[in-house]
Amino acid sequence: MGIPIGGFGGTPTLTPSLSSNPATPASTGLSAYAADLQNALNRSIGLAALPLTLLQSQQSQLSSESSALSVLNTQFSVLQSTITNLDSAARNIVSSAVSDASILSASAGAGALPGVYTVNVTDPGSFASALSVNSLPIVTDPTTQNISAASSFTLTVNGVTQTITPATNTLNALAAAINADTNAGVQATIVNIGPPSAPDYRLSLQSNALGNVSIQLNDGTSDLLTPLTTGTLAQYQVNGSPATPIQSNSRSVTVAPGVTVQLLKTGSSTVTVSQTPSSIISALSSFVTSFNAAVDELNKSFGQNSGPLNGQSIVFDLKRSIHGLASYTGGSGTVTSLTDLGLSFDTNGHLNFDATALSGAAGAAMSDISSFLGGATSGGFLQFATDQLSAIEDPATGIINTTINSVSNQITHQNQLISDKQAYIKQLQTSLQAKMAAADAAIAQIESQVSFFTGLFQSMYLPKTQQF
Amino acid sequence: MASEAYDDIRGALAEYRGHVEAALGRLPSNAPAPADMAREAGELMQWALQVLRTARTRNCNQLDSISAALLYGYPGPQSGTLKIDV
């Protein structure tokens, strides 16, 4: 079958007009560039023209949001810590002062009542001690020698025994092993009681408790220590009582609820406990500073040139929470709001703190302050603030962290979209490049064929006008 | 050619060349010069060249459009808000 060639206007088949053998192009079956695939590629290229950079722009926006949220998280975490500090300050509004710091030192904490306490130290007490006996081998070098060749020892302190096993057979190791035993009840040292020309290192043990404490070390054969000093208990009276002084095996004693003294030497000293708002003033000042910093950070998401969180619900939620924090009212008496503590707002939404409102507080005023503040778990402003900030800052359920996690998931998804789009485009690019290369090869083949036909027909002496 | 079935083009060109050679080979020695055949073959080759060059240009443009997509971007959304005082 011969089909005449219709020139460039039609779609000629590759069939020579003079051939008696009908020839149709052999089909090779599925071609890589068959019509269906060509149509699919055309549609794909259209889709690929969608702006990849839009996805990347969205990704950049999400990253900016994540960074802004992290900054907010930090600011509110700091605010949360100031509430914790304020809680601590509210529970420690007492202070103490002693009349004679050489006789005793004092500290006042939670539960301490204002007042003057007189502490009479009749005996500051002493510690028992023991020394290794003279009959033991002389140790001139505690790093290589020992008072006994035993590998294990029994330490007995006031009838309570401990097994001591030094790491090596040296006096240093023996002392270290005793000190490493937290149940030993003694402190081991090594002392040189010999002259420089004849050092004589001994093991010295001192009890941790005051009083007549028996101390002995046995190597399985014999006792190694001799008592050096006999300890005495500390004795003291509080406000002249009891008649027979109180005895204590420790120099740290509690003389009143929340009032602890350290007995130093014989004598009498007063301990004055008073309530002071100084710790509260300091904590409130820190609270105001961090509050204002949080407000400033939130304000970056509003107005012209606002940050990446502009319009996000979280900034409205945080704004509402922080407003509620500053607007809290409660308690009774003279202090029912933060304003009564000397806090006020300026026109920028910042808190200002006038400490003079608190600095002179004492007595009933301090009680009202404590009532208003309450505690982190017991009520009042502190519990309200603690709960509010916990709802914001909780690592698992806080609104900031849940939002951060949400944005993080979106970024991950966006990254996947971008990666998929880039891979898709690359696949199309590869396909198009292959097609262009194939076209180049086909063009080269045709041009070669043109040259061949030119030579072929010219060899038959065709007129010049009929040559191509 | 029109469907860019490049796998088939190579074989078809070779086959066409074979047909032309065979046709010329069957001409008697005293036959006139095959001017018509020469003209048809020439027109067919020129048409094939034009089609393939057009296809190649289209593919090249498509490749450029994909590359241009990487440079294309939309500006961020604009939204006005009011600063809220605490």
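Just so it is clear, the model here is predicted, and its values are computed rather than measured.
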Between [atom1] on residue [X] and [atom2] on residue [Y], distance to nearest 0.5 Å:
| X | Y | atom1 | atom2 | value |
| --- | --- | --- | --- | --- |
| I446(A) | Q50(B) | CD1 | CD | 11.5 Å |
| L432(A) | N61(B) | CG | CG | 10.5 Å |
| L456(A) | E21(B) | CG | CD | 6.5 Å |

For the residue pair Q449(A) and L13(B), what are the closest heavy atoms and their distance?
NE2-O, 2.8 Å

When you look at F457(A) and V20(B), which way does the side-chain contact (heavy atoms from CB on, under 4.5 Å) test go after all the steps?
CA-CA 10 Å; F457(A) 285 106; V20(B) 170; 4.0 Å; yes

Between chain B and each of A441(A), S60(A), A442(A), S327(A), count heavy-atom pairs under 4.5 Å; write down the option with the most.
A442(A)

Does any backbone or side-chain atom of I443(A) lie under 4.5 Å from a heavy atom of chain B? Answer side chain, backbone, both or neither.
both

Between Q433(A) and chain B, which part of the residue has a heavy atom less than 4.5 Å away: side chain, backbone, both or neither?
side chain

Does R17(B) make a cation-pi contact with F453(A) (under 6.0 Å, within 45 degrees of the axis)?
no

Among G11(B), C60(B), A22(B), A55(B), single out the residue with the greatest number of heavy-atom pairs under 4.5 Å to chain A.
C60(B)

Short question: side chain of Q445(A), backbone of R10(B) - any donor-acceptor pair under 3.5 Å?
yes

